[in-house]
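Computed from a predicted structure; not experimentally measured. A note on names: the letters A, B, ... follow the listed sequences, proteins ahead of strands, and every chain is numbered from 1.
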Amino acid sequence: GQNIDQPTEMTATEGAIVQINCTYQTSGFNGLFWYQQHAGEAPTFLSYNVLDGLEEKGRFSSFLSRSKGYSYLLLKELQMKDSASYLCAVRHYPNDYKLSFGAGTTVTVRA
Amino acid sequence: ETGVTQTPRHLVMGMTNKKSLKCEQHLGHNAMYWYKQSAKKPLELMFVYSLEERVENNSVPSRFSPECPNSSHLFLHLHTLQPEDSALYLCASSLGAGLKGEQYFGPGTRLTVT
């Protein structure tokens, strides 16, 4: 099975940096996704890591350490529109259609 | 616009009713998914269809019955639901599961069972 943990809430100031951690325990791993979900809207894909290291995409970066069962999503130069829930999801192996999600981290950006 | 649409967006039904949720994807994907999202809980995978064949049934009660007539459409038939089934039901699609295979979500149907 999969056990995925992430903090429930985080608050940061506009223009700052926030790091959302995700730890997982898995019987089979085939990649980790981060999704953003604004209140009342669909989750949207942010990033995917399957190898160790940092993937950078504009203001957002995602890091993975498979040996530690650990990932983080880094949000830089925070904007008010970044206020949302951020979901960590682990893809199973060998059933790689199956994603297990964390409960999500609600990030509130304050002026 | 994510390319995945769901209808209805909101649904209120009694425990003895029968209703259906509809999902349509316009992305040319070949896999479709149903998830349940309850407040403060992780998304729960319910069903997965790949090339119109069910490849995952995540121990979902039989009062939920999925149907995938083609790779663009997915239904969730509901009957004799319980109040604890009230949740946001999200549909998603993907182009297989290999490589990245990220899933694209619809806006969801907010279901309330009275």
task = Any chance you could lay out the side-chain contact (heavy atoms from CB on, under 4.5 Å) test for B/Leu45 and A/Lys98, step after step, and finish with the verdict?
result = CA-CA 8 Å; B/Leu45 179 65; A/Lys98 188 169 182 177; 3.6 Å; yes
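Using non-hydrogen atoms only and a strict 4.5 Å limit, no part of residues 70-80 of chain A faces chain B.
Between B/Gly106 and A/Ala42 the shortest heavy-atom distance is O-CB, 2.9 Å. Shortest non-hydrogen contact noted between B/Arg9 and A/Gly40 is NH2-O, 4.1 Å.
Summarising the local packing, CZ of A/Arg110 is surrounded by 12 or fewer heavy atoms from other residues, nucleotides or ligands at distances under 6.0 Å. The number of heavy-atom neighbours closer than 6.0 Å to CD of B/Gln82, taken from other residues, nucleotides and ligands shown, is above 12.
Cluster annotation: A/Phe63 and A/Val18 are assigned to distinct hydrophobic clusters (Ile/Leu/Val/Met/Phe/Trp/Tyr, side-chain heavy-atom contacts under 4.5 Å, transitive). If you chain together hydrophobic residues whose side chains sit under 4.5 Å apart, B/Met32 and B/Tyr104 never meet in one group. At a threshold of 4.5 Å between side-chain heavy atoms, the hydrophobic network of Ile, Leu, Val, Met, Phe, Trp and Tyr places A/Phe101 and B/Val48 in one connected group. Residues B/Val60 and B/Met15 are members of one and the same hydrophobic cluster, defined by side-chain heavy-atom contacts under 4.5 angstrom among Ile, Leu, Val, Met, Phe, Trp and Tyr. Neither B/Leu78 nor B/Leu90 shares a network with the other; the hydrophobic side chains, linked directly or stepwise wherever heavy atoms of I, L, V, M, F, W or Y lie under 4.5 Å apart, form separate groups for each.
Between B/Tyr33 and A/Tyr97, the two ring planes are tilted [angle within 30° to 60°].
Counting heavy atoms from C-beta outward, B/Leu43 and A/Tyr35 have side chains that stay 4.5 Å or more apart. Using a 4.5 Å cut-off on side-chain heavy atoms (C-beta onward), B/Pro42 and A/Ile4 make no contact.
At a 4.5 Å heavy-atom cutoff, the contact between B/Gln103 and chain A is made by backbone and side-chain atoms alike.
Within the model, atoms CG of A/Leu99 and CD of B/Glu102 stand 10.5 Å from one another, a figure rounded to the nearest 0.5 Å.
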